Amino acid sequence: MPSYQQYLRLTEEEREDFNDDRDAFHSALVIVDTAQVRRLHYLMKRRVKANARRAAGARAGIVLDGPPTVGKSTMVKLFAARHEIRLRRRHPERFEDRYESGGLLIDYTPVVYLSIPARATPKDLSVLLADYLGMVLARGATQTDITNQVLNVLADVGTELVIIDDVHFLDLSAKEGRVVNDHLKYIANKTAATFVYTGVDLKKSGLFLEGQASSRATQTSGRNTRHAVTKFGCSTDADKTEWAQTVKALEGSLVLFRHKPGQLVKLSAYLYDRTDGSICALTDLLRESAIEAVMSEEEAITSKLMDRVEISEYAEVTYQSLVNRRRKTASARSQKAAS
Ligand SMILES: Nc1ncnc2c1ncn2[C@@H]1O[C@H](COP(=O)(O)OP(=O)(O)OP(=O)(O)O)[C@@H](O)[C@H]1O
Ligand SMILES: [Mg+2]
């Protein structure tokens, strides 16, 4: 950052270009290693290590279950990225092109990430895996063909971590539900990888856990460990510290000329009210507020500025009802005092 004085001396065009860069930086913001991210990464890491050299057969996977927008996808992608970066450091040779005896090119792919589209069937799941692996499928290939090819390729390319995001989108209708469970179990059984699944309301969904056909569904639930992913709380001191630390980390990434460090942390309670403890709402609010601070030339994020920035409908409605409730309580109190 130049000094504010230098900034003011820039020509209009220079300033516009500089601010474009700042907007891009604020738009990207940073990913925060929240306490939840650290805790769940630790558990995933431990599970991956425990599975590494285990004999063939199903390895215990991890299920991250939580409401929308609590940061599940971000958390697993961050884990996947870190896992691969670690491998690149430790085994750089594996990432060079290798050739099998048949002359086949092996593209080492230790981590696979799939995001499940709505109402996906077991066959879709195999096709998604094949797409990720860059496989060319024969026209008219059956589910079994595709699945078998995928399993072979997963073994060839050394996949050790498979992340299946938004697994609640798998079709769990009575007809498909059991097939999906069986298919997931089959794939997990036949690969040497650790599977991490994320989704919404998985406990009740019949996926992994006791569902329609309880004694069979437990075949998958018996292998996977479910961890809840939640919003930030605000009841205990530890909750409040965790929230303030997250705000602090985000605040630290701002590139604004008149923003004093700590200014946002002091507004932690306001930020909690505005966002209902959602990391998604918090980052949306700060991202847009930072850009507003540049555009309006205020160069600092204050509560007055944030009042002008609307975020998601859910967060706004929750905030409004909180403000109304407080107003009612306050006026009831003052009426009581007056009488
Ligand atoms: N640790 C984090 N640090 C910074 N920002 C985060 C973090 N986690 C999530 N976010 C922000 O919140 C947004 C929503 O997160 P994410 O998509 O990971 O949630 P989700 O739980 O997967 O939601 P859904 O259930 O809708 O798929 C992200 O786009 C990102 O901006
Ligand atoms: Mg997600």
Side-chain angles (χ1 to χ4, degrees), residues 23-45 62-83 85 111-120 125 128 132 162-170 172 195-205 207-208 226-233 239 241-255 264-265 268 271-272 274-291 301 306 309-316 318:
D23 291 344
F25 189 80
H26 284 141
S27 168
L29 218 64
V30 286
I31 294 178
V32 184
D33 266 304
T34 61
Q36 178 161 257
V37 168
R38 286 198 306 272
R39 182 173 63 84
L40 292 171
H41 276 195
Y42 184 88
L43 295 176
M44 285 189 256
K45 196 168 173 180
I62 286 203
V63 178
L64 300 181
D65 186 4
T69 72
V70 289
K72 301 180 297 296
S73 302
T74 308
M75 184 184 315
V76 287
K77 284 188 229 172
L78 188 64
F79 181 75
R82 286 180 176 163
H83 185 75
I85 288 167
V111 178
V112 167
Y113 171 86
L114 298 186
S115 174
I116 305 286
R119 286 196 297 281
L125 189 70
L128 283 166
Y132 189 94
V162 177
I163 289 174
I164 306 192
D165 200 2
D166 286 334
V167 82
H168 55 274
F169 279 144
L170 286 170
L172 289 172
F195 278 65
V196 174
Y197 309 89
T198 80
V200 178
D201 272 345
L202 296 180
K203 190 164 184 175
K204 288 185 237 139
S205 74
L207 192 64
F208 312 115
R226 180 181 156 276
H227 298 287
V229 188
T230 58
K231 286 199 284 200
F232 284 87
D239 285 345
T241 309
E242 211 178 297
W243 176 251
Q245 273 167 352
T246 305
V247 173
K248 187 171 172 211
L250 291 167
E251 180 173 33
S253 74
L254 298 175
V255 281
L264 267 185
V265 177
S268 287
L271 286 170
Y272 193 91
R274 280 292 307 267
T275 60
D276 197 30
S278 150
I279 182 92
C280 181
L282 176 68
T283 49
D284 282 350
L285 179 62
L286 294 186
R287 185 176 287 129
E288 200 139 332
S289 298
I291 290 170
I301 301 185
M306 287 190 281
V309 176
E310 295 98 29
I311 45 171
S312 75
E313 178 71 9
Y314 170 81
E316 293 300 343
T318 314

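These numbers come from the heavy atoms of this one structure, side chains and all, not from hydrogens, waters or symmetry mates. Keep in mind that this is a model prediction, so the values were computed, not measured. Both ligands and their constituent atoms are indexed starting at 1 by order of listing.
For ligand 1, the atoms lying closer than 4.0 Å to a non-hydrogen atom of Asp166 are 27 (O). Heavy-atom contacts of Ser73 reach the following atoms of ligand 1: 18 (O), 20 (P), 22 (O), 27 (O) (cutoff under 4.0 Å). Those atoms of ligand 1 that come under 4.0 Å of a heavy atom in Thr69, given as number and element, are 19 (O), 20 (P), 21 (O), 23 (O), 24 (P), 25 (O), 26 (O). Distances below 4.0 Å separate heavy atoms of Ile31 from the following atoms of ligand 1: 1 (N), 2 (C), 3 (N), 4 (C). For ligand 1 and Val32, the ligand atoms under 4.0 Å from any heavy atom of the residue are 1 (N), 2 (C), 3 (N), 4 (C). Of all the atoms in ligand 1, the ones that sit under 4.0 Å from a non-hydrogen atom of Lys72 are 18 (O), 19 (O), 20 (P), 21 (O), 22 (O), 23 (O), 24 (P), 25 (O).
Heavy-atom distances between Lys77 and ligand 1 stay at or above 4.0 Å for every pair.
Scanning Cys280, Gly71, Ala28 for the heavy atom closest to atom 19 (O) of ligand 1 points to Gly71. Comparing Leu29, Asp284, Thr283, Asp165 against atom 11 (C) of ligand 1, the shortest heavy-atom distance belongs to Thr283. Here atom 28 (C) of ligand 1 lies nearest to Thr74 when heavy atoms of Leu64, Thr74, Val229 are compared.
Between Asp276 and Thr318, the side chains place no donor N or O within less than 3.5 Å of an acceptor N or O (distance only, hydrogens not considered). A donor atom on one side chain and an acceptor atom on the other are not found under 3.5 Å apart for Asp165 and Ser115.
More than 12 heavy atoms of other shown residues, nucleotides or ligands fall within 6.0 angstrom of atom NZ in Lys231. No more than 12 heavy atoms of other residues, nucleotides or ligands lie within 6.0 Å of CD in Glu288, so this atom counts as exposed by the packing criterion.
Closest to atom 4 (C) of ligand 1, if we only count protein heavy atoms, is Val30 O, 3.3 Å. At the top of the distance list for atom 7 (C) of ligand 1, counting protein heavy atoms only, stands Ile279 CG1, 3.5 Å.
Taking CG of Leu250 as the reference point, atom OG1 of Thr34 lies at 10.0 Å (rounded to 0.5 Å).
With a cut-off of 2.8 Å, the Mg ion (ligand 2) has an N, O or S atom of Ser73 in range.
Between the side chain of Tyr113 and the backbone N or O of Val76 there is no donor-acceptor pair closer than 3.5 Å. Side chain of Gln36 to backbone of Thr230: a donor-acceptor contact under 3.5 angstrom is found.
The existence of a salt bridge linking Asp33 and Arg38 is excluded, since no basic side-chain nitrogen approaches an acidic carboxylate oxygen closer than 4.0 Å.
Proximity of His168 to ligand 1, defined as any heavy-atom pair under 4.0 Å, is not found for any part of the residue.
Listed here is the closest heavy atom pair of Lys72 and Leu64: CD-O, 4.1 Å.
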When you look at Thr198 and Val167, which way does the side chain to side chain contact (heavy atoms under 4.5 Å, CB included) test go after all the steps? CA-CA 6 Å; Thr198 80; Val167 82; over 6 Å; no
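For atom 21 (O) of ligand 1, a protein non-hydrogen atom is found at a distance below 4.0 Å.
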